[in-house]
Every structure is written in structure tokens, then in C-alpha cells.
Amino acid sequence: MKTFALPALLAGALCAGFTASSQAAPTFIPDLDITTFDGTELDANLYVPETAAPAGGYPTVLFTNSWMLDKHQYLLQAKELAENGYLVMSYSTRGFGVSEGLVDVAGDNSINDASVLIDWLQANYPVGKLGMAGISYGAGISLVTAAQDPRVTAVAALSGWSDVIEGLYPNNTVNLVWGTILTTTALNLDPEVDTIWANLRATEDIAGVETFAAPRSALSYVPELNSNGTAVLMSNNFADYLFKPNSMTQLYTLLDGPKKLLLNPGTHAVTETLGGNDGHIWATTFRWFDRYLKGEANGIDSEPKVDMTVRISNKLEQFDDFPVTDKSTRYYLHPRFSYFNNASMKTSSYNGWGWSNDFHGGADTKAGTGIPVISDALEGFGIPVYTNMTGINGYHAIEYNSPVFGSTFKIRGTPSLEMWIKPSKPEVQLHVHLYDTGPLGLGRLITHAPITVRNAAVGQSQKISLDLFTTSYDVPAGHVVTLAIDTEGLIYQKPADTRYEITVPYRRSQQSVLTIPHL
């Protein structure tokens with residue numbers, strides 16, 4: 001593992017990628033109207049280098065816009081690449097900006113559009129190796145296009161997704177706030193998308209939702225990406241509760257070709273858009289294209305494959321692969337004595353008498369503080385949000401505290417929970433939070449995840465399992481880790497009937513275990 005300060009890394013990366021001798025003023029051609037395969041007009045900008053094309057053609061980058069945005073999104077990045085000899089097109093996907101057509105959420109039409117734009121570039125300019133890049137919506141389209149069109153040599157997918165279901169329906173829980181934002185901000189949305197969202201919210205025709213999602217998810221195209229040998233750079237943010245880092249880490253582990261994974265503080269798309277993480281994401285993207293489109297021996301292919309920036313401190317660490325550690329601690333859940341006490345978790349299993357605790361639906365608690373979008377965005381710039389852990393209502397939640405740490409506890413990766421519950425209704429929801437709690441009872445959110453149990457066996461003990469969202473966090477000496485579980489969260493759709501009780505049994509044969517990976 002390597003650690004170093006981001007500003008020094010950024011300076012080195014920029015010097016390696018952009019030298020003064022290589023820069024020249026490019027020609028900017030705005031407002032291109034390009035007719036795609038079905039007669040739809042797409043709007044695009046183009047930067048053409050002033051330097052002559054090298055043998056084999058210009059290294060070329062096709063930028064794809066984020067949701068709600070358009071071809072102007074990447075003007076600064078496009079200009080910088082063009083000054084370094086790249087042919088660069090930025091376009092508005094169908095239904096956004098002034099491009100015609102309906103937004104189909106990376107459907108066949110949008111993917112075919114990208115291939116038509118590549119056709120147009122090759123017909124009008126000497127195109128060498130070509131890459132695609134984008135944030136959020138543009139990242140997903142770039143990955144799926146690269147899988148279906150082998151002309152795409154390299155991809156930079158920033159705040160992207162590899163699994164639509166995981167984004168909008170994590171652990172059978174409707175991602176209400178983010179799904180609503182997406183479906184209400186696209187003015188030219190394909191009616192099929194509205195139907196899919198309505199079915200998801202009503203928990204109807206989930207098989208149809210999965211059929212819709214599969215061809216729009218890069219995880220469906222791992223064999224194609226591997227066969228094409230696509231060089232894939234992925235960047236995701238720890239507090240991105242739309243496109244969690246988990247599915248991208250899964251995609252990363254399945255890829256055989258050149259690959260690099262950046263995991264950063266912050267929420268969805270904000271870190272990349274506002275230049276958080278000290279510019280490391282874009283600096284690495286430029287170096288990635290320099291290596292795989294221009295063929296420069298800049299060393300990025302021999303560096304550690306995983307760049308993980310620690311939350312709050314913004315310290316960058318590099319690892320050879322993901323998972324970044326094979327070390328973990330298993331914490332067994334032990335009971336509390338009343339609603340006014342916290343429970344505990346220990347490294348030893350529970351071997352006492354049969355015992356149980358309960359907590360109830362019907363109200364949100366302070367355990368969810370820090371999860372709304374604004375506070376997550378602040379975290380990307382090192383501004384923490386605190387929760388008073390002593391103020392969490394014990395009737396509607398349960399808290400388990402670890403022993404006090406004598407030294408820094410460096411969490412790196414994806415915590416997981418296996419928990420025995422006995423629900424009083426066939427549908428219950430749990431919101432699982434992991435906090436760093438200091439001596440004064442103030443907590444910082446480390447990670448979380450929701451889970452909705454549907455068609456549960458009422459009154460019977462059953463085990464639930466879930467992965468929390470991947471993270472990187474240093475718990476200081478003198479603090480504890482708190483597992484706080486309640487039944488409602490601000491960004492998720494709650495069950496229609498929230499008047500339920502969840503009982504947690506403690507038995508030698510029914511051990512509930514939180515597993516935390518760490519250095």
C-alpha cells in the first residue's frame with residue numbers, strides 16, 4: 001500500500017500528461033447537427049487539434065453528458081485534451097439539450113447513437129484509437145457502448161453504474177429520492193421508463209423491471225468487455241447513494257483487461273463535477289487516455305490498480321487490487337437490557353441464556369442523520385456531519401457498540417451483516433448504519449445500507465444478509481464503532497404499513513455477526 005498527499009500526485013500527473021511543448025490552440029466547432037440511424041438530430045461540439053494528425057490518426061475522445069446536462073458539460077476537459085493533440089467530441093444524448101428524441105436510459109437507441117457518432121468522426125477526420133468518457137449517465141452509456149462497439153479502446157466511467165437494479169432497488173428497497181429526481185427532471189422521458197418506475201414503486205412486475213435493466217447494465221456485458229480488451233477506468237464515491245460503489249467494485253473484479261478503480265469521498269457526481277478529491281479523478285482520466293489512446297509510456301499501467309481516498313482526511317492510498325485487504329474482524333451482536341441502554345458487539349460469540357430485544361417501525365430516528373444529499377456532498381470536501389448517538393430513540397432503533405479502540409481502526413472495503421430477526425409483519429424494512437462514535441457521544445456516519453424483507457415468515461426467526469456500501473474510514477483511538485439499526489430513511493420508500501415490530505433473538509445457534517474489513 002502506498003500513501004501520499006493528493007496535491008503532489010496531481011502536479012506529477014498533469015506534468016506527465018501535458019507538457020508545454022505539446023500544446024497548441026485547437027479549432028472549436030460548436031453546434032454540429034448529426035443525423036443518427038433513425039433520423040433523430042443529435043447536437044454536438046467538436047475540438048480539432050491544430051497539429052497534424054499523427055500516423056494512425058488522432059487519439060479521439062467522445063464525451064457523453066450526465067443526466068439533465070448537455071454537450072457543454074465537458075468544455076474545459078475537452079479543450080485541455082484537444083490542446084494535447086486529441087480530437088474531442090462532446091454531444092447531448094437524445095432527449096437532452098437540444099438533441100431530439102426520447103430519453104431511454106441507455107437503451108438501444110442511445111447506444112446506437114454513440115456508434116453513429118463514431119462513424120461520423122471516422123468519416124470526417126483521421127481517427128486513431130478512440131475512448132469514451134462521462135459522468136453518471138454518460139458513464140453508463142460509455143461502458144455499454146464499449147461492450148457493443150469494439151472500436152472503443154478505452155473508457156473513463158465516472159460516478160457510473162454497472163447494475164440498474166442495484167441503483168434504484170438496493171436490497172429490494174425503492175431508492176425513492178434518487179428515482180424521483182431522475183424521472184421528474186428528464187423532460188423528454190420515454191413513457192416506458194415511467195412505467196418501469198411506477199412498477200418498481202408498487203413492487204409489481206419486478207421480472208419486467210429486471211428485463212428492462214439487464215441490457216442497460218454493464219455487468220451484463222463482462223464477456224464482451226473482456227473480449228474487446230477495453231481499458232476501463234472506473235471512479236465512484238463512497239456516499240453515492242444512487243450508484244453505490246459496490247456494483248462497480250463487482251464489475252472491476254470481473255474484468256480481465258486493463259483496469260483501474262478510484263474510490264473517493266463525496267456523493268453522486270459532485271466530486272468529479274466540482275473538482276473534489278484535489279482533481280485526482282480528472283488527472284488520472286487524462287493519464288489513462290494518454291496511455292491507452294496515445295500509447296504514451298506514462299507508467300499508469302504498472303501502478304497499483306486501486307486508488308482509495310480515506311473519508312474526512314482525504315488521504316490517498318493505493319492498493320494492488322480489490323478487495324484491498326484480506327483482514328477482517330467479526331463482531332457478534334450481544335443484547336441490551338432495555339430501550340434506554342445500548343447493546344454491544346464483541347469479538348466473542350454470544351453464549352448466554354436465550355434472550356431477545358425488539359424495536360419498532362413507525363418513526364424515523366437520528367440514526368439516518370448525514371444521509372441526505374447535501375451533507376454527502378459536503379463530505380466530499382472534508383466537511384463532516386455529526387449525529388448525537390445518545391439521542392437515538394431506543395424504541396424505534398437499536399444500537400450496538402464495539403469495544404473502545406486503543407489505536408486507529410482503518411476500515412477499508414465492504415462491511416457485511418448477517419442478522420437473525422423475527423418480524424411481526426410480512427414486509428419490514430431495516431436501515432443499517434455504521435457510525436464512528438467519540439467519547440462525547442457524537443457520531444460520524446461511516447456507511448449504511450437499507451434492506452426490505454418481503455413475504456417474511458411472520459413470527460419466525462430468519463436470517464437476513466446484506467453488504468453495506470463500500471467505504472474507507474479511519475476510526476480514531478478512543479472511539480467505538482456503532483451499529484445503529486432503525487426502520488426508516490429519508491431517501492428510501494418505506495412500506496405501506498409501518499406498524500411492525502422486529503425482534504432480535506440471541507441464541508448460541510443463531511449468531512448475528514457484523515464483519516468489518518480493515519488494514
Side-chain angles (χ1 to χ4, degrees), residues 1-10 159 235-241 244-246 249 261-281 284 306-319 322 324-325 329 366-389 401-402 404-415 432-449 468-484 514 516-519:
M1 179 189 74
K2 297 180 179 180
T3 64
F4 38 80
L6 278 172
L9 172 83
L10 175 60
S159 275
S235 174
N236 279 77
N237 304 323
F238 295 127
D240 185 343
Y241 302 144
K244 281 73 67 181
N246 298 45
T249 60
L261 177 65
L262 311 182
L263 296 172
N264 325 287
T267 190
H268 179 67
V270 171
T271 306
E272 299 88 346
T273 302
L274 298 183
N277 216 19
D278 287 319
H280 177 59
I281 298 169
T284 305
V306 178
D307 291 1
M308 181 178 279
T309 302
V310 183
R311 293 178 55 188
I312 308 301
S313 71
N314 280 346
K315 179 180 67 177
L316 176 66
E317 299 175 339
Q318 291 190 311
F319 301 91
F322 192 90
V324 302
T325 178
T329 296
K366 292 182 179 180
T369 301
I371 292 179
V373 175
I374 294 176
S375 57
D376 296 332
L378 293 175
E379 191 239 34
F381 294 88
I383 303 173
V385 176
Y386 291 93
T387 299
N388 180 4
M389 304 302 291
N401 286 329
S402 74
V404 175
F405 292 105
S407 59
T408 302
F409 186 58
K410 299 182 177 182
I411 300 173
R412 303 289 187 272
T414 308
V432 181
H433 314 87
L434 206 62
Y435 274 92
D436 158 24
T437 304
L440 299 179
L442 295 179
R444 289 176 175 175
L445 183 68
I446 299 172
T447 184
H448 89 286
L468 282 73
F469 302 153
T470 301
T471 193
S472 176
Y473 189 96
D474 289 346
V475 181
H479 289 213
V480 302
V481 166
T482 301
L483 176 68
L514 172 70
I516 303 179
H518 57 90
L519 298 181

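Panel note: side chain Thr325, backbone His518; a donor-acceptor pair is recorded below 3.5 Å. Panel note: side chain Thr267, backbone Ala239; a donor-acceptor pair is recorded below 3.5 Å. No donor-acceptor pair under 3.5 Å is formed between the side chain of Thr408 and the backbone N or O of Asp474. Side chain of Asn246 to backbone of Leu468: a donor-acceptor contact under 3.5 angstrom is found.
Interatomic distance, OG of Ser235 versus CG of Leu261, reported as 8.0 Å (0.5 Å rounding). Rounded to the nearest 0.5 angstrom, Arg444 CZ and Ile312 CD1 are separated by 4.5 Å. A distance of 9.5 Å separates OG1 in Thr447 from CZ in Phe238, rounded to the nearest 0.5 Å. To the nearest 0.5 Å, atom OG1 of residue Thr271 and atom CG of residue Asp240 are 8.5 Å apart. Going from atom NZ of Lys244 over to atom OG1 of Thr249 covers 12.0 Å, rounded to the nearest 0.5 Å. One distance of note links CD of Gln318 with CG of Asp307; it measures 4.0 Å at 0.5 Å rounding.
Looking at heavy atoms from C-beta onward, Arg412 lies out of side-chain contact with Pro517 at the 4.5 angstrom threshold. At least one side-chain heavy atom of Leu434 sits under 4.5 Å from a side-chain heavy atom of Leu514.
Under the side-chain contact (heavy atoms from CB on, under 4.5 Å) rule, Tyr435 has a single partner from Val481, Ile446, Thr387, which is Thr387. Between Glu272 and the choices Ile281, Leu262, Asn236, the side-chain contact (heavy atoms from CB on, under 4.5 Å) rule is met once, by Ile281.
Looking at every heavy atom in both residues, His268 comes nearest to Ser159 through CE1-O, 3.3 Å.
Thr482 is linked by a side-chain hydrogen bond (donor to acceptor under 3.5 Å, both in side chains) to Asn401, Thr437, counting only residues two or more places apart in sequence or in another chain. Asp436 is linked by a side-chain hydrogen bond (donor to acceptor under 3.5 Å, both in side chains) to Tyr473, His479, counting only residues two or more places apart in sequence or in another chain. For Thr414, the side-chain hydrogen bond (donor to acceptor under 3.5 Å, both in side chains) partners are Thr470, not counting sequence neighbours.
A tilted orientation is assigned to the rings of Phe469 and Tyr241, their planes being inclined by 30° to 60°. Relative orientation of the Phe405 and Phe409 rings is parallel, given thresholds of 30° and 60° on the angle between their planes.
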Stepwise side chain to side chain contact (heavy atoms under 4.5 Å, CB included) check, Val324 with Glu317: CA-CA 10 Å; Val324 302; Glu317 299 175 339; over 6 Å; no
Stepwise side chain to side chain contact (heavy atoms under 4.5 Å, CB included) test for Thr309 and Ser472: CA-CA 7 Å; Thr309 302; Ser472 176; over 6 Å; no
